[in-house]
Q: 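For reference, the structure I am asking about is given below.
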Protein chains: 2
Amino acid sequence: MQSRTPASRTGRPRSVAADAAILAATRAALVELGCSKLTLGDVATRAGVAKTTLYRRWAGKNELVVDAVAELFDELRLPDRGSLAADIEGVVLQFAAILARPEAKSGLMAVVAESTRDEALRERIRTSIVDRQKRLVLEGRARAQARGELPPETDPAESARTVDLIFDVVAGAVVHRTLVSAEPADEEWVRSFTRVLLLGLTPQP
Amino acid sequence: MQSRTPASRTGRPRSVAADAAILAATRAALVELGCSKLTLGDVATRAGVAKTTLYRRWAGKNELVVDAVAELFDELRLPDRGSLAADIEGVVLQFAAILARPEAKSGLMAVVAESTRDEALRERIRTSIVDRQKRLVLEGRARAQARGELPPETDPAESARTVDLIFDVVAGAVVHRTLVSAEPADEEWVRSFTRVLLLGLTPQP
DNA sequence: AGCTTTCGCTACGAGTCGTAGCGTAATGCC
DNA sequence: GGCATTACGCTACGACTCGTAGCGAAAGCT
């Protein structure tokens, strides 16, 4: 998770239970204090480990929060609901449910803000959070193409750009709705959003 | 800006030059240090004022950053380009240009993250930044309706929900593209985005 | 056994925070 | 001009967090 274990066959192994306790304590601290007022000393106390153990495993607060928040997105799935619209609505509702949790709100945006000045942190966010979400877009499009709801891809480069565009639109809309507008992305909103995404603003004859 | 001056006719007035210097110094510090490593003492030194002056005018770092970033969005305009698509592309490009600046990237997302646990801060962001952006959406829709590109509004409540939806989609997509995907929202991307927003994903005959 | 790595604990200097206190400067009112 | 009122610059302060160093003990492997 937080660091590779390439060649350390000997010696006392790192406690995996401590890892889970630390990440859970981090989420609890995010809920109670938020990301800015979260201190590593407090997390260590909550997790029942020494503060030095935290610094031995993570480079700093940002990396710790990324790993703690990333686990929230493990539950994201894309069940086949029979149509592109239903698939979109289903996965967007799941994404919204995760973002509605206070530890995700406070933690995720804070580390994204930090990542604008930290290339390594942005890469960590990308591999452990963003790419996992983007895979759902790829999967959903493949299903829609198999159903004939979307045309098959022609140019692979153009196809990749489209996937990136869709991903930014979907994830960005949900994030903006939840965090900036601070209103719930409930079923009614998701239905309206899906309709606009599939059919566009201008009504078709 | 940061506080009302309701009934203080007597006494030495607050220096408006200091206000401008402080906000400019805040933006400079955002560029060099980012929001998390920005300290009020450093801002005071850059602005040439005492640290206590900062604390007399702003409640804390978050409020100061909001005011400093809000000024960046003053230049947002909605020139009439003749069509809804052209209007959208124009304003989105402006919005993307502002978000591309490092002081906006680092500062805006950080205070949005903080606002998830601070209702007063969220209200401050809404009135000084978000509402000003949303007004452009209202104006653009009115023009499109006058041109006949969009149907006139029927239910005012439904109309308000649609405006909120469009705003979350547009602003969210640009923010996500710029900050999370960390790629430029250039003209090509904006054209593709506008096409999807107006026509939808599923191709129409 | 012996070796290696991790863990818990304590202590430390450095830095920031937000505030209090004081004397001075700049305005409005009489 | 004199007075009250408010803002300003400056200094100093306790409290807190940070990240690290050092040490002895614990837990694994061969």
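Note that the coordinates shown come from a computational prediction; the quantities given were computed from them, not determined experimentally. Computation of the quantities below employed the complete heavy-atom set of this structure, encompassing side-chain atoms and omitting hydrogens, waters and symmetry-equivalent molecules. Per chain, numbering begins at 1; letters A, B, ... match sequence-line order.
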Q: Please work out which residues in residues 112-121 of chain B have a non-hydrogen atom less than 4.0 Å from an atom of DNA chain D and list them by number.
A: none
Q: Each nucleotide in nucleotides 21-26 of chain D should get exactly one letter: B, S or -. Can you fill that in based on protein heavy atoms under 4.0 Å?
A: B----B
Q: What pairs of nitrogen or oxygen atoms, one from the protein and one from nucleotides 1-4 of chain D, lie under 3.5 Å apart?
A:
none

Q: Which side-chain N or O atoms in residues 181-189 of chain A pair as donor and acceptor under 3.5 Å with protein atoms at least two apart or in another chain?
A:
unit_1, atom_1, unit_2, atom_2, d
A:Ser181, OG, B:Asp168, OD1, 2.7
A:Asp186, OD1, A:Trp189, N, 3.1
A:Glu188, OE2, B:Arg161, NE, 3.3

Q: Out of curiosity, B:Lys105 NZ to B:Leu30 CG, how far, rounded to the nearest 0.5 Å?
A: 13.5 Å
Q: Can you pull out every side-chain hydrogen bond (donor to acceptor under 3.5 Å, both in side chains) where at least one residue sits in residues 88-99 of chain A? Sequence neighbours excluded, please.
A: none
Q: For a quick check under 3.5 Å, do B:Thr202 and A:Glu149 share a side-chain donor-acceptor pair by atom type?
A: no
Q: Side chains of A:Arg141 and A:Thr162: donor-acceptor distance under 3.5 Å anywhere?
A: no
Q: Not counting sequence neighbours, list each pair that qualifies as a ring-ring contact (aromatic ring centres under 6.0 Å, His included) and has a residue in residues 18-54 of chain B.
A: none
Q: With 3.5 Å as the limit, what N/O pairs link the protein to nucleotides 16-18 of chain C?
A:
unit_1, atom_1, unit_2, atom_2, d
C:dG18, OP2, B:Tyr55, OH, 2.7
C:dG18, N7, B:Lys51, NZ, 3.4
C:dG18, O6, B:Lys51, NZ, 3.2

Q: Using the salt bridge (charged side-chain N to carboxylate O under 4.0 Å, His left out) criterion, which residues pair with A:Arg195? Sequence neighbours excluded.
A: none
Q: Once salt bridge (charged side-chain N to carboxylate O under 4.0 Å, His left out) is applied, do any residues pair with A:Arg12, and if so which ones, sequence neighbours excluded?
A: none
Q: Does A:Ser192 have any side chain to side chain contact (heavy atoms under 4.5 Å, CB included) partners at least two apart in sequence or in another chain, and if so, which?
A: B:Leu165
Q: Figure out the CH2/P separation between A:Trp58 and D:dT20, and round it to whole Å.
A: 16 Å
Q: Just by distance, with hydrogens left out, do A:Arg14 and A:Thr53 show a side-chain donor and acceptor under 3.5 Å apart?
A: no
Q: CD1 of A:Ile22 versus P of C:dT6: gap in Å, rounded?
A: 13 Å
Q: Do any pairs count as a side-chain hydrogen bond (donor to acceptor under 3.5 Å, both in side chains) and have a residue in residues 23-33 of chain A, sequence neighbours left out, and if so which ones?
A: A:Arg27-A:Glu71, A:Glu32-A:Arg46
Q: Are any of the side-chain heavy atoms of B:Phe167 and B:Val130 separated by less than 4.5 Å?
A: yes
Q: Give the rounded distance in Å between these two atoms: CG of A:Leu54 and P of D:dC18.
A: 11 Å
Q: Using the test salt bridge (charged side-chain N to carboxylate O under 4.0 Å, His left out), find all partners of B:Glu103 that sit at least two apart in sequence or belong to another chain.
A: B:Arg101
